[in-house]
Every structure is written in C-alpha cells, then in structure tokens.
Amino acid sequence: MLPSEYIPLVQRSVSSQFREFGVFDAEITALLRAVLEECENIPVGETGARAYVASKLLDAAAHGQLSTDALKAAGSKALDPPTMWP
C-alpha cells in the first residue's frame, strides 16, 4: 500500500498514461472490472446498461478517480434514474 502522500502522484500518472496511450495497466483494469461486477441492479444480460456503467467507470478513472470508493460512487451515480428537478 502506498503512503497517502504518493496517491495523488500515482493518480496523475495513471490519468496522464490514459490520456497519452488510451489504456490502463492491468492492475487498474482489474479494479475497474471488479467494481463493475460489484455494481448492483445490473443483470448480466443487460449489456447496454453494463456498457453504460463501464463507460462511466472508465471516465472516472481517466479523470484520476481511482479509489474503490470513488469508482463505486461513479457506478452508482450511473445507475441513478435521471431527474428533471435539480
């Protein structure tokens, strides 16, 4: 486990790596898959919904949100129904 002062450096490194090459390393990819599998209310057969949530997880990770909690929040937010009222 990295000391907390190194986490922002790693996050910047990973997000810049994604912007430069368009890919994440195996560790981040495994984390994204694990978070996607943990997202509740997505039946395996609902490929459109799974793809939408996966895209939101990728977007969050590309912007440096790499903690499990941040990714879970992004997945949960993607599953929230849209609302007309702020």
Side-chain angles (χ1 to χ4, degrees):
M1 181 115 177
L2 289 173
S4 61
E5 63 267 13
Y6 291 116
I7 291 174
L9 296 173
V10 171
Q11 289 176 338
R12 276 197 299 272
S13 172
V14 171
S15 62
S16 64
Q17 170 192 351
F18 179 76
R19 282 192 300 275
E20 186 174 345
F21 301 111
V23 295
F24 290 113
D25 63 19
E27 184 178 338
I28 299 299
T29 302
L31 174 62
L32 290 167
R33 285 185 179 160
V35 170
L36 179 62
E37 293 303 318
E38 287 182 17
C39 284
E40 298 175 5
N41 304 324
I42 309 177
V44 175
E46 292 290 332
T47 56
R50 290 177 63 79
Y52 179 74
V53 172
S55 73
K56 294 302 182 182
L57 293 176
L58 286 169
D59 187 50
H63 287 92
Q65 298 175 2
L66 298 170
S67 72
T68 304
D69 290 338
L71 292 171
K72 285 181 180 181
S76 178
K77 183 177 179 184
L79 291 170
D80 286 343
T83 180
M84 292 177 39
W85 312 111

(request) With rounding to the nearest 0.5 Å, note down the distance linking CG in Leu31 to OG in Ser67. (result)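 If I round to the nearest 0.5 Å, the distance is 8.5 Å.
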(request) Find the distance between CG (Leu71) and CG (Leu66) and round it off to the nearest 0.5 Å. (result)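 Rounded to the nearest 0.5 Å, the CG-CG separation comes out at 6.5 Å.
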(message) Closer than 4.0 angstrom, basic N to acidic O: yes or no for Arg33 and Glu38?
(response)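 Salt bridge absent between Arg33 and Glu38.
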(request) Output, in order, the C-alpha distance, side-chain angles, deciding distance and verdict of side-chain contact (heavy atoms from CB on, under 4.5 Å) for Lys72 and Lys77. (result) CA-CA 8 Å; Lys72 285 181 180 181; Lys77 183 177 179 184; over 6 Å; no
(message) Within the structure provided, determine whether Phe24 and Leu58 are in side-chain contact (heavy-atom separation under 4.5 Å).
(response)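 They are in contact (side-chain heavy atoms under 4.5 Å apart), so the answer is yes.
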(message) Hydrophobic clusters here meaning ILVMFWY residues chained together by side-chain heavy-atom distances under 4.5 Å, can you tell me if Tyr52 and Ile42 are in one?
(response)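 Shared cluster, no.
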(message) For Asp25, is there any backbone N or O sitting under 3.5 Å from a side-chain donor or acceptor partner on Thr29?
(response)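 Checked: pair present.
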(message) Ignoring hydrogens, what is the shortest heavy-atom contact between Leu57 and Ala74? Give both atom names and the distance.
(response)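 Nearest pair, atom of Leu57 first, then Ala74: CD2-CB, 4.3 Å.
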